[in-house]
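Below you'll find the structure, written out as structure tokens, and then a few comments.
Predicted model only: the values in this text are computed from it and were never measured. In what follows, every chain begins at residue 1, and chains take the letters A, B, ... in the order their sequences are listed.
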Amino acid sequence: MDTEFSKRLISWYLQNKRELPWRTTTNPYAVWLSEIILQQTRVAQGLPYYQKFITTFPSIHDLAAAPQEQVLKLWQGLGYYSRARNLHETAKNVVVNYNGKFPDNYKELLNLKGVGDYTASAIASICYNEAAAVVDGNVYRVLSRIFGIETPINSTKGQKEFKALAQQLINPQKPGTHNQAIMEFGARYCVPQNPDCSNCIFNDSCEAFGKRKVASLPFKLKKGAIKKRYFNYLVFISEDNKTHIEQRTKKGIWQQLYQFPLVETKNQATIKTLMEDNDFLKLTNQFSEVDITQYNNAPILHKLSHQHLYTTFWIIFISEKLQNGIAISTIDDYAVPVLISNFISEFTTFNNLKN
DNA sequence: AACTCGGGGGG
DNA sequence: CCCCCAGAGTT
């Protein structure tokens, strides 16, 4: 253990830390909730979600008793929806199989779905004072720079190497504070671009600063190409002002969320190519006549980290009643992707103006 | 080991 | 346009 490193870090932390709601408690439920929300998510983006969840579900029993629909609806907009599904599953699991109490150590915490090395270490250290080092994106950056490590952080070798180093540096007296300190230091001071190295508390010993490698660390392997997909959403409107929605049940993005009936095409569809599409015909052949208009002329580009969705909404008026249709006004009760949510708010605004 | 899974914010 | 964010699960 390097006590000097930890002492410097914690000293900085105590003077510079943000006041955040999950920092005023060691309740494992609250800490776990915050850690799941903050995975791959900035504090500013996750904070309102934490407030919503802790208010709606003050205890793990409340969360476990909720329907999945409610959990997903509260999670709407935050992304990586498997986190919400696993959050809910783990809540039920802890209530039923752990008598409502979280495991109190790193090893057993790892058995919970949605809890990996980082989250298990965070909970164990913050709630139970176990000397388990967290390694998140901030820790990779701070350690790669200070120690001049060029091993790719997104490689198995890199993960092991940084975990071992972080574990070596942790303060066994205050593991929770140490872990939060190094993350806060990365988030607030040793930032990805243009960190203020000349005033840094570690600039007397930082390898990257000494060797002018700050901008190139941490090193990361490049990822694969982004795929393009072409989505056509069919927005049915019946004579009794209802529409169709479907739930995404297959594997892939947005599992368990709702959307309008989707026709995915190989290329950007036109009204002509769409009306010849087999999937389109299956979805519409039950109607005697369809009055279809293209809502957006240029496709709406929705960017995910690994795919670009070129999306067209098609408004389809039906001169009859829809079986299993839902009132358009109730569509906001369902958890939907941001892409759908944006469309709905724009579309309903447009219709209100018209009326 | 490589791939998949969202959405937003900053330079 | 790019990168990154209090990562984890699946293949």
### Query
For A:F5, which residues count as a ring-ring contact (aromatic ring centres under 6.0 Å, His included) partner, sequence neighbours excluded?
A:F202
### Task
Calculate the interatomic distance between A:Q40 atom CD and B:dT4 atom C1'; express it in whole Å.
12 Å
### Message
Taking salt bridge (charged side-chain N to carboxylate O under 4.0 Å, His left out) as the cut-off, I'd like each qualifying pair that reaches into residues 158-169 of chain A, sequence neighbours left out, listed once.
### Response
A:D117-A:K163
### Message
Looking at A:W75, I'd like to know whether one of its side-chain N or O atoms comes within less than 4.0 Å of OP1 or OP2 on B:dC5.
### Response
no
### Query
For atom C1', what is the distance between C:dA6 and B:dC3, given to the nearest Å?
23 Å
#### Entry: Pairs flagged by salt bridge (charged side-chain N to carboxylate O under 4.0 Å, His left out) wherever residues 230-245 of chain A is involved - sequence neighbours left out
none
Listed pairs, N/O of protein and of nucleotides 8-10 of chain B, under 3.5 Å:
residue : atom : partner : partner atom : Å
B:dG8   : N2   : A:R42   : NE           : 3.3

### Pairing pattern in dot-bracket form [Watson-Crick, G-U; both distances under 3.5 Å; | = partner strand] for DNA chain B
|||||.|||||
### Query
Is it the case that A:K52 places NZ or CZ above or below the six-membered ring of A:Y49, under 6.0 angstrom from the centre and within 45 degrees of the axis?
yes
### Message
Is the distance between the ring centroids of A:F102 and A:Y29 under 6.0 Å?
### Response
no
### Summary
In numerical order, the residues of residues 122-138 of chain A whose heavy atoms come under 4.0 Å of DNA chain C are A:D136, A:G137, A:N138
### Message
Over all strands shown, is A:T41 touching base, sugar-phosphate only, or nothing at heavy-atom distances under 4.0 angstrom?
### Response
base
### Query
Would one find a side-chain N or O of A:S305 under 4.0 angstrom from OP1 or OP2 of B:dG7?
no
### Query
Checking only heavy atoms, does the side chain of A:S82 share a donor-acceptor pair with the base of C:dG9 at less than 3.5 Å?
no
### Message
Just to be sure I understand the rule, does A:R23 reach a base, reach only the sugar-phosphate, or reach nothing, if contact means heavy atoms closer than 4.0 Å?
### Response
base
### Query
Is A:H306 near enough to B:dC5 that one of its side-chain N or O atoms lies under 4.0 angstrom from OP1 or OP2?
yes
### Message
At 4.0 Å (heavy atoms only), tell me whether A:Q255 reaches a base, stays on the sugar-phosphate, or touches nothing.
### Response
nothing
### Task
Tell me what A:D117 touches on the nucleic acid: a base, only sugar-phosphate, or nothing, going by heavy atoms under 4.0 Å.
sugar-phosphate
